[in-house]
2 protein chains.
Amino acid sequence: MARLPADQRRAALVQAALVVIARDGVHGATTRAIVAEAHMSLASFHYAYRSRDELIREVISFVVDQQEAVSRAALVASDDLWSTVRSALQAYFELLTEYPEREQAMFELMHYSMRSPELGTLPAVQHGSYLTAARALLEVGATAVGVAWTLPIDDLARILVALTDGLTYAWLADRDDGAAGRLMDHIADTVAGFAVTSTGTAADAAPRKEARR
Amino acid sequence: MARLPADQRRAALVQAALVVIARDGVHGATTRAIVAEAHMSLASFHYAYRSRDELIREVISFVVDQQEAVSRAALVASDDLWSTVRSALQAYFELLTEYPEREQAMFELMHYSMRSPELGTLPAVQHGSYLTAARALLEVGATAVGVAWTLPIDDLARILVALTDGLTYAWLADRDDGAAGRLMDHIADTVAGFAVTSTGTAADAAPRKEARR
DNA sequence: GTCTATAAAGTGATAGAC
DNA sequence: GTCTATCACTTTATAGAC
């Protein structure tokens, strides 16, 4: 194996670990499986990392940071609020259906952190980053369409995250695309239902609302 | 160790496994840890079960069945729909805060099943039982108060389950009781918002709705 | 820095005495 | 039916040659 600077080797191991975790779960992400994925020897692993836990810790930190960056880039405001939310959800859902193992890996990493006394603080950070991303989406959507929220944006962000987590969990369990679509419609309804036009009072920023049912 | 009929020994091992999984996670639920919890020898385990996986499979079946029974018993209709939903959520939430490890164990068991080709069908079953429980709650609540739903009850059940999963997940991550309470208020709002009085047309079965915000 | 070889401990499962 | 003792294997981590 070529000689690599330590930090570059560490980065390669983090990437390999992500692949293995997505494929085999956190449980299957042994040091041997990871170094095989990275085409390294077992000793090289312990040259770069003191222990397996130290690597897993860095994997979690990495996905938290990355998560924040990705969701920030996914914000593209449509012409109306409902469509903005709905298409953002659709984009996420398509990512989910294309790489289900990846989303499942996120859940598993979170549960792993919760079990580790040393990593116990990371789930709150990870969830906080989801809330931050949701708030950013809501802010962009609101200013783009010119509406305000009828409840604290932190509360609305939490509702949005809860619904999205539930959507992910349900789809991972039963893979029902149709039900997922109807659930996403409802999520857009919910968000749009909390909007009022800045000037007027009613919430006609949502073209779809709960009609057609 | 006393001589036990096989099925009784199997039941004891399932219970012990649940304790260990709640305490140490699915990963920590080794055969040795489980028999220690059950005060048995390692050989007794393999006398009752062919393999560890066979036990885990039965553990999952057990929690799915139990889950269905528990939620069926928790249905006590209040005077109005909003309160019925809200108090059912509160009861669940208090269970969650008292035994967080138990709820986390449910999630972990589900993820474990998803990774196992042999157990791959169980997550859909487990999720289906959640949906069934939610539908039962909605039916009891509706008939007790005399309302009908403005969308298919299966869709509403899915919304309810998604929100509850999201509630659980968020609280496990950040342990924010206040935010959880506000989220439960919103869930009750959502459900009540889909109700219409059987005679009239408006949905004044909900005393709280989205007001006071 | 990178490798092979190996230590030390843990795992699921089984043999065989009682 | 229940036990102790042990097999065969995998795990993380390290020693030491190069």
Side-chain angles (χ1 to χ4, degrees), chain A residues 1-21 23-60 105 108-109 111-113 115-119, chain B residues 1-21 23-60 105 108-109 111-113 115-119:
Chain A
M1 204 61 194
R3 296 204 169 195
L4 286 178
D7 55 343
Q8 196 170 336
R9 166 143 282 159
R10 287 167 70 99
L13 283 168
V14 167
Q15 291 305 315
L18 278 172
V19 172
V20 175
I21 291 172
R23 189 183 60 219
D24 305 325
V26 176
H27 174 75
T30 65
T31 53
R32 282 177 157 82
I34 294 169
V35 297
E37 179 66 35
H39 303 289
M40 289 184 198
S41 76
L42 189 53
S44 294
F45 176 93
H46 286 287
Y47 183 80
Y49 285 99
R50 176 185 294 268
S51 71
R52 175 180 177 273
D53 249 43
E54 189 185 324
L55 168 67
I56 299 289
R57 180 192 203 108
E58 216 160 273
V59 168
I60 296 176
E108 289 179 13
L109 282 170
H111 288 297
Y112 182 86
S113 317
R115 294 289 181 191
S116 160
E118 187 185 354
L119 303 175
Chain B
M1 203 62 192
R3 296 205 167 194
L4 285 179
D7 55 343
Q8 196 170 337
R9 166 142 282 161
R10 286 167 72 96
L13 282 168
V14 167
Q15 290 305 315
L18 278 171
V19 172
V20 174
I21 291 171
R23 189 184 58 216
D24 305 326
V26 177
H27 175 75
T30 65
T31 53
R32 283 176 161 81
I34 293 169
V35 298
E37 180 66 35
H39 303 289
M40 290 183 196
S41 76
L42 188 53
S44 295
F45 176 92
H46 285 287
Y47 183 80
Y49 285 100
R50 177 186 293 270
S51 70
R52 174 180 179 275
D53 250 41
E54 189 184 324
L55 168 68
I56 299 290
R57 180 190 204 109
E58 217 160 271
V59 167
I60 296 176
E108 288 180 16
L109 282 170
H111 287 298
Y112 182 86
S113 316
R115 294 289 182 190
S116 161
E118 187 185 354
L119 304 175

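Just so we're on the same page: letters track the sequence lines, and every chain starts at 1. The figures here come from the full heavy-atom set of this structure, side chains too, leaving out hydrogens, waters and symmetry mates.
- Atom NE2 in A:H27 sits about 9 Å away from atom P in D:dT11, given to the nearest Å.
- Set against D:dC3, C:dT2, C:dC3, the side chain of A:Y47 has C:dT2 as its closest nucleotide.
- One distance of note links CG of B:L13 with OH of B:Y47; it measures 13.0 Å at 0.5 Å rounding.
- Under the 4.5 Å side-chain criterion, counting only non-hydrogen atoms from C-beta, A:E118 is in contact with A:R57.
- The CG-P distance, from B:L13 to D:dG1, rounds to 15 Å in whole Å.
- Between the side chain of A:E54 and the main chain of A:Y49, no donor-acceptor pair closer than 3.5 Å is present.
- Sorted by first and then second residue, the salt bridge (charged side-chain N to carboxylate O under 4.0 Å, His left out) pairs with a member in residues 33-46 of chain A read A:R23-A:E37; sequence neighbours excluded.
- Remark: P of D:dC7 and CZ of B:R32 are 14 Å apart, rounded to the nearest angstrom.
- Rounded to an integer number of Å, the gap from NE2 of B:H46 to C1' of C:dA13 is 5 Å.
- By the 4.5 Å heavy-atom criterion applied to side chains, B:R115 and A:H27 are not counted as neighbours.
- Of the candidates C:dT4, C:dG12, D:dT2, the closest approach to any side-chain atom of B:R52 belongs to C:dG12.
- The nucleotide whose nearest atom lies closest to any side-chain atom of B:T31 is, among C:dT2, D:dT2, C:dG12, C:dG12.
- One atom, CZ of B:R50, and another, C1' of C:dT14, lie 13 Å apart when rounded to the nearest Å.
- With C:dC3, D:dA13, D:dG1 as the candidates, the nucleotide lying closest to the side chain of A:S51 is D:dA13.
- Taking every side-chain heavy atom of A:R9 into account, C:dT2 is the closest of D:dA13, D:dT6, C:dT2.
- Of the side-chain N and O atoms in A:S44, none sit less than 4.0 angstrom from OP1 or OP2 of C:dG1.
- As a whole-Å value, the separation of A:F45 CZ from C:dA5 P is 21 Å.
- One atom, CG of B:L42, and another, C1' of C:dT14, lie 10 Å apart when rounded to the nearest Å.
- Toward the 5' end of DNA chain D, the nearer of the two residues A:A43 and A:T30, judged by each one's closest nucleotide, is A:T30.
- The CD1 atom of B:I34 sits 17 Å away from the P atom of C:dG10 (whole-angstrom rounding).
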